[in-house]
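Quick notes on the structure that follows.
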Amino acid sequence: MALVNGEEFHHLVRVSRKRVGELIYLFDGTGKIYTARIVKIGGDSAECEIIEENFMRGELDVEIAVGQAILKSHERFEFALEKLTEIGVRQIIPILTERVIVSKNPKDISPNKIERWRKIILSACKQSNRAIIPELFEPIKFDEFVSLEKYEKKIIFHESEVENFNRIFLHDYIKSLRNVKSVLLAIGPEGGFSDGEVEKAIEFGFDVVSLGCRRLRSETASVVSAGVIAQFFISETKDSQVWKK
């Protein structure tokens, strides 16, 4: 049996108007999805009978993490969080860069705002039937971000044509990701990364990649880059849409 309470109970009964006898899907955020039948609805909780258990529907075998610079527009940043979750990103890392307008200090980002971000990610998981809730990192400074070591490939997206960066277009670069199990993407703020930040990223093993000749908004670049890379891995993985026991 499973018990649904709190905000999820409110959404189940008050918003979705589910009734006793109806089938619903439950997930625990770690990869398991359950088919369940509502057997009892109380004043503040609902009891559900588990009928079937499945694991990681449609999740990528590869781990994609996105370092998204915090944006001046709360709506645009939250849009990026929502869409990255839908795409299948495993980790989202809010980063503070030279050109971030909101703050230069991670401590200035309120706990309430971070909690709101987590709720947006959870809501996007439910909407897209994701079995895994992406991990939301605490906001960190750019210097700390580039030093992250656990990823096989690290990419910084940058529109500058500075020759020293040896920039390559994503279309030409993407085949180098074949057989890679983890990728970290860096997406800059409204004004992009500074040349100094790109140079530092290169020192820490990042490849400089371009999405083309157009200058995209930060949240657009985030969604496009993660989406293209996710689709590449889907095409490389057999039976990626099959439910795994």
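Note that the structure is predicted; figures quoted are calculated from it, not measured.
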Validation row: R130, E86 side chains within 4.5 angstrom (heavy atoms): no
Using atom types as modelled, flag every donor-acceptor pair under 3.5 Å from a side chain in residues 92-99 to any protein atom, sequence neighbours excluded.
from: E98; atom 1: OE1; to: S194; atom 2: OG; distance (Å): 3.3
from: E98; atom 1: OE2; to: S194; atom 2: OG; distance (Å): 3.2
from: R99; atom 1: NH1; to: G191; atom 2: O; distance (Å): 2.9
from: R99; atom 1: NH1; to: F193; atom 2: O; distance (Å): 3.1

Kindly compute the distance separating OG1 (T85) from CG (L136), expressed to the nearest 0.5 Å. 9.0 Å
Between F204 and L148, does a side chain to side chain contact (heavy atoms under 4.5 Å, CB included) hold up when you go through it step by step? CA-CA 9 Å; F204 280 89; L148 295 174; over 6 Å; no
Does atom CG (N179) have a neighbourhood of more than 12 heavy atoms from anything else shown, all under 6.0 Å? no
Run the side chain to side chain contact (heavy atoms under 4.5 Å, CB included) check on E75 and F79 step by step: do they pass? CA-CA 6 Å; E75 291 80 8; F79 174 87; over 6 Å; no
Does the pair K119/E7 count as a salt bridge with the N-to-O cut at 4.0 Å? yes
I'd like to check V183 versus Y151 (side-chain heavy atoms, cut-off strictly below 4.5 Å). Are they in contact? no
According to a 4.5 Å side-chain heavy-atom criterion applied to Ile, Leu, Val, Met, Phe, Trp and Tyr, with indirect links allowed, do V209 and F233 form part of one hydrophobic cluster? yes
Please enumerate all residues that pass salt bridge (charged side-chain N to carboxylate O under 4.0 Å, His left out) together with K150, with sequence neighbours excluded. E63
Who clusters with M1? Use side-chain heavy atoms, under 4.5 angstrom, across I, L, V, M, F, W and Y, and order the result by chain and number. V39
ring-ring contact (aromatic ring centres under 6.0 Å, His included) against F157, all qualifying residues, sequence neighbours excluded: none
For residues 212-230, please give each side-chain donor-acceptor pair under 3.5 Å, one per line with the distance, not counting sequence neighbours.
from: S218; atom 1: OG; to: Q68; atom 2: NE2; distance (Å): 2.8
from: S218; atom 1: OG; to: G188; atom 2: O; distance (Å): 2.5
from: E219; atom 1: OE2; to: R76; atom 2: NH1; distance (Å): 2.7
from: S222; atom 1: OG; to: Q68; atom 2: OE1; distance (Å): 3.0
from: S225; atom 1: OG; to: A221; atom 2: O; distance (Å): 2.7
from: S225; atom 1: OG; to: S222; atom 2: O; distance (Å): 3.1

To the nearest 0.5 Å, tell me how far H171 NE2 sits from L211 CG. 13.0 Å
Cluster companions of I50 among Ile, Leu, Val, Met, Phe, Trp, Tyr (side-chain spacing under 4.5 Å): V4, F9, L12, V13, V20, I24, L26, Y34, I38, I41
Before accepting this row, confirm whether a basic side-chain N of the pair E138/R118 lies closer than 4.0 Å to the acidic partner's carboxylate O. yes
When you measure from the side chain of R90 to the backbone N and O of L60, does any donor-acceptor pair fall under 3.5 Å? yes
Would you say V102 ends up clustered with I114 if hydrophobic residues are merged whenever their side chains have heavy atoms under 4.5 Å apart, either directly or through other cluster members? yes
How long is the gap from NZ on K154 to CG on L184, to the nearest 0.5 Å? 7.0 Å
Measuring from atom CZ of F137 to atom CH2 of W117, what distance do you get when rounded to the nearest 0.5 angstrom? 14.0 Å
Rounded distance (nearest 0.5 Å) linking atom CD of E59 with atom CG of D61: 10.0 Å
If only side-chain N and O atoms count, and only distance matters, is there a donor-acceptor pair under 3.5 Å linking N5 with S45? no
Look at E197 together with K200 and state whether they make a salt bridge at an N to O cut-off of under 4.0 Å. no
Mind running side chain to side chain contact (heavy atoms under 4.5 Å, CB included) on E8 and K126 for me, showing each step along the way? CA-CA 11 Å; E8 300 307 316; K126 292 188 287 186; 2.9 Å; yes
Is it true that a side-chain atom of E152 and a backbone atom of K181 form a donor plus acceptor pair closer than 3.5 Å? yes
Determine, stepwise, if the pair H11 / S16 fulfils side chain to side chain contact (heavy atoms under 4.5 Å, CB included). CA-CA 6 Å; H11 185 270; S16 298; 3.4 Å; yes
Indicate, with yes or no, if L81 and L84 share a hydrophobic cluster defined by side-chain heavy-atom contacts under 4.5 Å among Ile, Leu, Val, Met, Phe, Trp and Tyr. yes
Heavy-atom side-chain contact between S103 and P139 under 4.5 Å: no
Salt bridge (Lys or Arg N to Asp or Glu O under 4.0 Å) between E144 and K141, worked out: CA-CA 5 Å; E144 183 180 353; K141 293 183 178 180; over 6 Å; no
If hydrophobic clusters are built from ILVMFWY residues whose side chains come within less than 4.5 Å, do I202 and F142 share one? yes
Taking all non-hydrogen atoms of both residues into account, name the closest pair between I109 and K113 and its distance. CG2-CD, 4.2 Å
If you define the side chain from C-beta out and look only at heavy atoms, does anything of H74 sit under 4.5 Å from R116? no
Between atom OG of S235 and atom CZ of R178, what is the distance when rounded to the nearest 0.5 Å? 8.0 Å
Do L23 and Y25 share a hydrophobic cluster (ILVMFWY, side-chain heavy atoms under 4.5 Å, transitive)? no
Donor-acceptor pair, side chain of E190 and main chain of K72, under 3.5 angstrom: yes
